[in-house]
Structure formats: C-alpha cells, structure tokens
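Report on the structure given below.
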Amino acid sequence: MTLGSRNLPAGFGRLWTAQTVSSLGDGVTHAALPLLTLTLTRDPMALAVVTAAGTLPWLLFGVLGGALVDRWDRRRTMWVTDAARAVLLAVPAAAAALDVLSIPLLAAVAFLLALGGLFFDTAATAYLPDLLGRDPALLERANARLRGAQTAASGFAGPPAGSALLALGRSVPLLADAVSFALSALLVRSLPAVPRPAASARESLLRQARAGASYVFRDRLLLGLALRPAVGNIAFLAVETVLALFARERLGIDTFGFGLLFTAEAAGGLLGAGIASFLGRRLGTGTALTCTATIEGLAILGLASAPNAYVAGIALAVCGAGMGATMVLGPSLRQAIVPAHLMGRVASTSRMLAMCAAPFGAFLGGWLANTYDLRTPLYAAAGLLLTMTAVTATMTSNRRVEAALRNTHPEADPADQRPAKEIAVQTASR
C-alpha cells in the first residue's frame with residue numbers, strides 16, 4: 001500500500017464537524033466581543049484589558065496544561081471543556097439581557113473561554129495523531145481539512161454573523177456561541193476512544209512540564225518555530241486591540257463592514273493554506289516560512305497606511321494569506337519532528353510562548369493609540385514582524401529543516417531514490 005492511499009476514518013468526520021461548528025461560534029464571538037466592549041466604553045485601554053484577558057491562561061497554565069493533557073484522557077478533556085464553555089457563556093448573555101454587562105465581566109469570560117481553549121486545543125492536537133495511527137499522509141490531509149474548515153467558519157461566516165446577531169441584541173451572539181460549544185461537546189463525546197498516555201508514576205507534573213519546555217528551548221529549529229508566532233502575536237494583538245476603533249474612526253466602517261474585514265482576512269487565509277504545500281515544495285519549508293512572515297509584515301504596513309476600507313480589506317487579505325500558509329507549514333513541521341510522547345507538552349509550550357506574548361501586544365497597542373494615534377500601533381506591528389523575520393531566518397533555514405527530518409526519519413533515504421531535499425520538503429508539508 002502506498003503512502004496516502006488509506007482513507008480517513010469515520011471518527012475524523014465527527015471531529016471535523018465538531019471543530020467546524022465550534023469555529024463558527026468562535027468567529028461570532030471574535031467579532032462580537034470587541035463590539036460589545038465598544039457599547040460600554042470607547043477607551044482603547046479597556047479594549048486592551050478584554051483582549052489581553054483572553055491570552056493570560058497560556059501565560060499562567062500553558063506548560064502545566066500540556067503536561068496534564070499528556071496524562072488525561074484526551075477525548076474526555078475535549079468534550080468536558082466544550083460543555084463547560086457552553087455553560088459559561090450563559091452568564092454574560094444573561095448579564096447583557098439584564099443590562100448589567102461590564103468590562104470586568106467581559107474580561108473574566110474572555111479569560112475562562114481561553115482557559116478552556118488551552119485544554120481543548122492541546123488535547124485535540126495530541127488526539128488527532130492517535131486517531132489516524134500517526135500516518136503522515138493522513139495527518140497532512142486531515143490538518144488541511146481542519147484548517148480550511150476553521151478558516152471558513154471562524155473567518156468567513158462567523159464575523160459577519162456575529163455583527164449581524166449583535167444587531168438583534170447584545171446577548172444573541174453569546175448564546176449562538178454557547179450552542180456551538182454544546183453541539184461540539186456532543187460530537188466529540190461520540191468519538192472513538194484512543195489509548196490513554198502511559199502514566200509516569202515516578203515523575204512529577206512539574207518535571208514532566210519542564211521536560212517539554214526544555215525540549216523546545218534546546219532545539220534551535222523548534223525554538224525558531226516558536227519565536228515567530230510569539231513575536232507575531234505581539235504585533236497582531238497590537239493591531240487587533242485598536243482595529244475596531246481604527247475601522248470606525250479612520251476608515252468609516254460600520255458594524256457590518258467590520259465583520260467583512262475579518263472575512264477578507266479569512267479569504268486570504270484559505271488561499272494561503274491552499275498554496276502552503278506548493279510553496280514548501282518550490283522554496284523549501286524554511287524559506288517559505290521566511291517569505292510568508294515577510295508578507296505578513298508588509299501587509300500590516302499596508303493596512304496602517306490604507307486610505308479607505310477597500311485598501312484595508314486587501315491588506316488584511318494579503319496578511320491572512322501569509323498567516324494561512326505559515327499555520328500549515330509551521331505546525332506540520334513540528335508534528336513531523338517531535339516524538340509522540342512529548343507532543344502535548346511541546347505543542348503547549350510552543351503555543352504558550354505565542355500566547356504569553358499576546359498581552360504585551362494588546363497593552364502596547366492600547367498605549368500607543370492613547371499616546372500617539374490609531375495608526376501608530378499598526379506601524380509598530382509591521383516593524384516587529386519584519387525584524388522577527390530577519391532574526392529567525394537562520395533558525396528555520398532549509399538546511400536545519402532537512403537535517404531535522406533526516407534525523408527523525410533516517411529510514412526514508414535507503415528506500416526512496418528521490419533527493420534528500422525533496423523528501424524533506426514534502427515531509428515538512430505534512
């Protein structure tokens with residue numbers, strides 16, 4: 001049987017549906033939450049507080065969360081987390097209906113939703129290889145479908161729906177997201193069971209967490225893959241914090257138009273995800289990652305100088321294309337070179353670095369907007385992205401990628417007459 005001839009198992013369809021439904025709800029909340037905040041205040045720092053609250057769980061519990069997921073039943077972790085998030089969203093929905101919604105409550109909800117996301121995302125990352133028998137070709141196909149559906153649901157459909165539902169009432173988008181979490185929990189609960197990770201009786205939770213973190217920091221390739229989204233999140237959160245205000249006051253975009261900006265970004269994301277493998281084959285994974293990061297920085301520079309809504313939408317679409325390709329190439333490369341027993345901890349450590357950087361971006365965006373003007377955070381974000389690209393270029397070079405893949409899959413060379421570079425690039429796209 002040739003690699004890639006197997007079909008995805010039936011259980012993957014339920015996982016795909018669950019994540020698509022949940023992503024639709026996430027898109028609704030992603031657009032509605034800053035707009036809900038704007039109904040309470042126009043202070044950029046208040047927007048920064050709500051935005052940053054959604055990233056703090058990774059700062060506080062990121063590495064420990066990965067260690068716990070490597071101990072717990074991953075399917076149960078996913079459905080219990082989604083059920084809890086469905087119940088949680090009923091609180092701000094009721095507060096909005098009773099007209100007692102507040103910035104502290106929105107910040108608390110953002111924090112708890114993100115805490116649930118920490119456990120769900122880490123468990124899903126670790127569950128998928130088990131579900132697919134760690135077949136690289138199946139993982140490539142599955143990740144492509146999951147990423148495409150997530151982008152379409154949370155980017156295309158969710159934000160405009162969130163803006164439209166907000167017009168019906170402040171509690172409506174929150175209730176819609178609650179329903180999406182409930183449906184996802186039911187679907188995930190029906191997934192097939194996979195073996196629970198082997199317990200490590202003599203090793204403490206802290207030591208296990210430390211092992212996962214040190215594995216990332218000792219490997220320059222993995223560290224480079226982790227630093228890019230970390231610095232990128234500082235930049236993107238600086239932009240996101242002021243984007244609603246920037247769109248309204250500088251570009252004259254109304255509530256529905258603000259949702260369409262996210263749709264433009266998602267359209268670019270779908271394109272980027274679709275051409276990621278092509279870029280990896282033509283340029284090599286390392287060079288492709290450097291190119292996509294450069295595109296992101298230049299696109300944010302274009303957004304900062306946009307004279308109208310149309311140019312802003314194009315800039316966000318280009319930025320989305322860069323991010324879409326990056327988010328296929330980077331995680332797929334990490335899955336190809338990280339040992340299975342460390343996957344949960346390495347994934348959570350990498351994600352933690354990215355999410356821990358985000359609060360700095362949120363507060364940086366709010367401070368720059370208050371101190372200077374609404375365009376300044378965007379110019380600063382572009383500068384950060386381009387600087388990060390230059391610094392990490394050698395850490396994620398094609399040479400390092402090829403060496404890591406050869407060390408991970410040493411048996412590939414004797415059985416395959418293709419050049420080593422071609423093998424490495426194609427494996428990295430999985």
Side-chain angles (χ1 to χ4, degrees), residues 34 44-45 47-49 51-52 54-56 58-59 62 216-217 220-247 250 261-262 265 268-269 272 286-306 311-312 314-327 329-331 349-397:
M45 287 305 295
L47 286 169
V49 167
T51 303
T55 63
L56 286 176
W58 289 94
L59 172 64
V216 174
F217 285 102
R220 284 184 62 82
L221 176 55
L222 287 176
L223 182 59
L225 291 174
L227 285 177
R228 288 195 174 189
V231 177
N233 267 4
I234 296 177
F236 294 133
L237 264 291
V239 173
E240 185 175 329
T241 295
V242 300
L243 186 58
L245 208 54
F246 176 79
R250 292 302 181 95
L261 285 180
F262 286 107
E265 184 178 0
T287 300
L289 284 168
T290 298
C291 290
T292 56
T294 303
I295 288 171
E296 293 168 16
L298 294 176
I300 295 300
L301 191 61
L303 175 63
S305 58
V311 175
I314 293 172
L316 282 173
V318 173
C319 183
M323 288 192 293
T326 298
M327 294 177 71
L329 293 170
T349 299
S350 302
R351 183 75 181 274
M352 182 202 70
L353 289 175
M355 298 303 291
C356 286
F360 296 102
F363 287 111
L364 177 66
W367 176 75
L368 288 174
N370 267 336
T371 305
Y372 300 100
D373 61 26
L374 290 173
R375 292 188 190 273
T376 303
L378 279 64
Y379 285 120
L384 279 173
L385 286 170
L386 293 173
T387 301
M388 171 272 301
T389 302
V391 170
T392 60
T394 59
M395 299 175 72
T396 59
S397 66

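We're numbering straight along the sequence, starting at 1.
The closest donor-acceptor contact from the side chain of Ser397 to the backbone of Ala393 lies at 3.5 Å or more, if one exists at all.
Counting heavy-atom neighbours within 6.0 Å of Met388 CE, excluding the residue itself, gives a total above 12.
Heavy-atom minimum distance, Ser350 versus Val216: OG-CG2, 4.2 Å. The minimum heavy-atom distance between Thr292 and Leu289, with the atom names listed, is OG1-O, 3.0 Å. Residue Ala315 comes nearest to Leu303 through the heavy atom pair CB-N, 3.6 Å, listed as atom of the first residue, atom of the second, then distance. Contact detail for Ala369 and Pro377: the closest heavy-atom pair is N-CG, 3.8 Å. When every heavy atom of Asn233 is checked against every heavy atom of Ala354, the shortest pair comes out as ND2-O, 2.9 Å. Of all heavy-atom pairs between Thr389 and Leu385, the closest is OG1-O, 2.8 Å.
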Any chance you could lay out the side chain to side chain contact (heavy atoms under 4.5 Å, CB included) test for Tyr379 and Asp373, step after step, and finish with the verdict? CA-CA 11 Å; Tyr379 285 120; Asp373 61 26; over 6 Å; no
Test side-chain hydrogen bond (donor to acceptor under 3.5 Å, both in side chains) on Arg228 and Thr396; report intermediate values, then the result. CA-CA 10 Å; Arg228 288 195 174 189; Thr396 59; 3.1 Å; yes
Take Val318 and Ile295 through the side chain to side chain contact (heavy atoms under 4.5 Å, CB included) test and state the conclusion after the steps. CA-CA 7 Å; Val318 173; Ile295 288 171; 3.6 Å; yes
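Taking OG1 of Thr287 as the start and CG of Leu329 as the end, the distance is 11.0 Å to the nearest 0.5 Å. The distance from atom CG of Leu386 to atom CG of Leu298, rounded to the nearest 0.5 Å, is 5.5 Å. Atom CG of Leu221 and atom CG of Leu225 lie 4.5 Å apart (nearest 0.5 Å). Note: Leu316 CG to Leu243 CG = 6.5 Å, rounded to the nearest 0.5 Å. With values rounded to the nearest 0.5 angstrom, Met395 atom CE is found 10.0 Å from Leu222 atom CG. For the atom pair CZ of Phe236 and CD1 of Ile300, the computed distance is 5.5 Å after rounding to the nearest 0.5 Å.
Among the candidates Asn370, Thr376, Leu47, Leu378, the single residue satisfying the side chain to side chain contact (heavy atoms under 4.5 Å, CB included) test with Val242 is Leu378.
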